Amino acid sequence: MGLQGMKIKKDFFRSNTLLVAKNLLGKYLCRRLPNGEIIRERITETEAYKGFDDKASHASRGRTKRTEVMFAPAGTIYVYLIYGMHHCLNIVTEKKDYPAAVLIRGVEGANGPGRVCKYFNINRDLNGKQLGKELWIENPRIRMVGKIQASRRIGVDYAGESKDKLWRFIMIK
DNA sequence: ACAAAGATCCGT
DNA sequence: CGGATCTTTGTA
């Protein structure tokens with residue numbers, strides 16, 4: 001019995017956000033579309049948003065109606081609308097009441113967080129739900145041995161001393 | 001109540 | 001490089 005089809009469990013997301021962001025690379029983002037069809041693509045790019053002091057994180061100014069979901073238990077889905085047009089998909093990490101999440105910035109065939117959500121038909125209806133039936137992560141059948149490149153996060157130049165953290169991870173083939 | 005800015009993308 | 005487009009947040 002191979003690993004394909006094995007959904008990743010919540011424990012995977014409960015650990016350190018940087019580890020989760022790196023370890024998500026090469027795994028499959030899986031979606032059951034409204035018409036029942038299932039689509040899968042390998043995750044190629046992620047970003048970590050972690051802690052109370054991360055000025056780039058939406059949660060850096062505490063709990064609000066919008067950021068409350070970042071304080072939820074690991075494995076919760078955080079989707080928000082950006083620039084009035086594009087959706088961004090995050091998976092909440094670490095323990096409850098600690099604000100952290102991983103932004104899915106790219107999969108094979110869709111580069112950029114907005115394009116990922118468009119490709120997977122993801123919108124705010126999934127916000128606050130758990131990974132499971134509609135959206136989940138699977139292990140790849142064959143383990144990837146690619147390299148991981150760390151770099152600065154995109155679009156967070158406003159974030160003071162947090163802007164230069166190397167919390168963006170890209171899988172190099 | 002209002003204004004400003006945003007974890008982006010597309011076309012020029 | 002600017003425009004689209006609307007929600008969230010801070011400020012009054």
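Note that this is a predicted model, so its numbers are computed, not measured. Reminder, nothing fancy here: chain letters follow the sequence lines and each chain counts from 1.
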Considering only the P atoms, how many Å lie between C:dG2 and B:dA5, rounded to the nearest integer?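 It comes out at 16 Å once rounded to the nearest Å.
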
Just to be sure I understand the rule, does [X] reach a base, reach only the sugar-phosphate, or reach nothing, if contact means heavy atoms closer than 4.0 Å?
{"X": "A:L81", "answer": "sugar-phosphate"}
{"X": "A:R66", "answer": "sugar-phosphate"}
{"X": "A:R124", "answer": "sugar-phosphate"}

Would you mind pulling out the nucleotide paired to B:dC2, Watson-Crick or G-U wobble, both distances under 3.5 Å? C:dG10

C:dT5 pairs with, by Watson-Crick or G-U criteria that keep both distances under 3.5 Å: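 By the stated definition (distances under 3.5 Å), nothing pairs with C:dT5.
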
Spacing between [X] atom [atom1] and [N] atom [atom2], to the nearest angstrom:
{"X": "A:W167", "N": "B:dA7", "atom1": "CH2", "atom2": "P", "value": "15 Å"}
{"X": "A:K118", "N": "C:dA4", "atom1": "NZ", "atom2": "C1'", "value": "14 Å"}
{"X": "A:L89", "N": "B:dT8", "atom1": "CG", "atom2": "P", "value": "14 Å"}
{"X": "A:I82", "N": "B:dA4", "atom1": "CD1", "atom2": "C1'", "value": "13 Å"}
{"X": "A:L103", "N": "B:dC9", "atom1": "CG", "atom2": "P", "value": "10 Å"}
{"X": "A:Y78", "N": "C:dT7", "atom1": "OH", "atom2": "P", "value": "14 Å"}
{"X": "A:Y80", "N": "C:dT5", "atom1": "OH", "atom2": "C1'", "value": "16 Å"}
{"X": "A:E45", "N": "B:dA7", "atom1": "CD", "atom2": "C1'", "value": "11 Å"}

Just N and O in the side chain of A:H86: are any of them under 4.0 Å from OP1 or OP2 of B:dC9? no

So if I apply the salt bridge (Lys or Arg N to Asp or Glu O under 4.0 Å) rule between A:E45 and each of A:R115, A:R153, A:R105, A:K22, which one comes out positive? A:R105

Axial cation check for A:Y119 ring with A:R31, 6.0 Å and 45° limits: no

Determine whether the aromatic ring of A:Y158 stacks with the base of B:dG6, defined as ring centroids separated by less than 5.5 Å and ring planes inclined by less than 30°. no

Assess whether atom CZ of A:R152 is packed by more than 12 heavy atoms of other residues, nucleotides or ligands within 6.0 Å. no

Choose from B:dC9, B:dA7, B:dG6 the nucleotide whose nearest atom is closest to any side-chain atom of A:R115. B:dC9

Judged by nearest nucleotide, the residue sitting upstream toward the 5' end of DNA chain C, A:M85 or A:R61, is A:M85

Side-chain donor-acceptor pair present, A:S60, A:S57, cut-off under 3.5 Å: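 Absent: no donor and acceptor within the cut-off.
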
Is it true that A:R32 and A:E134 have a side-chain N and a carboxylate O under 4.0 angstrom from each other?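 Looking at A:R32 and A:E134, the cut-off is not met.
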
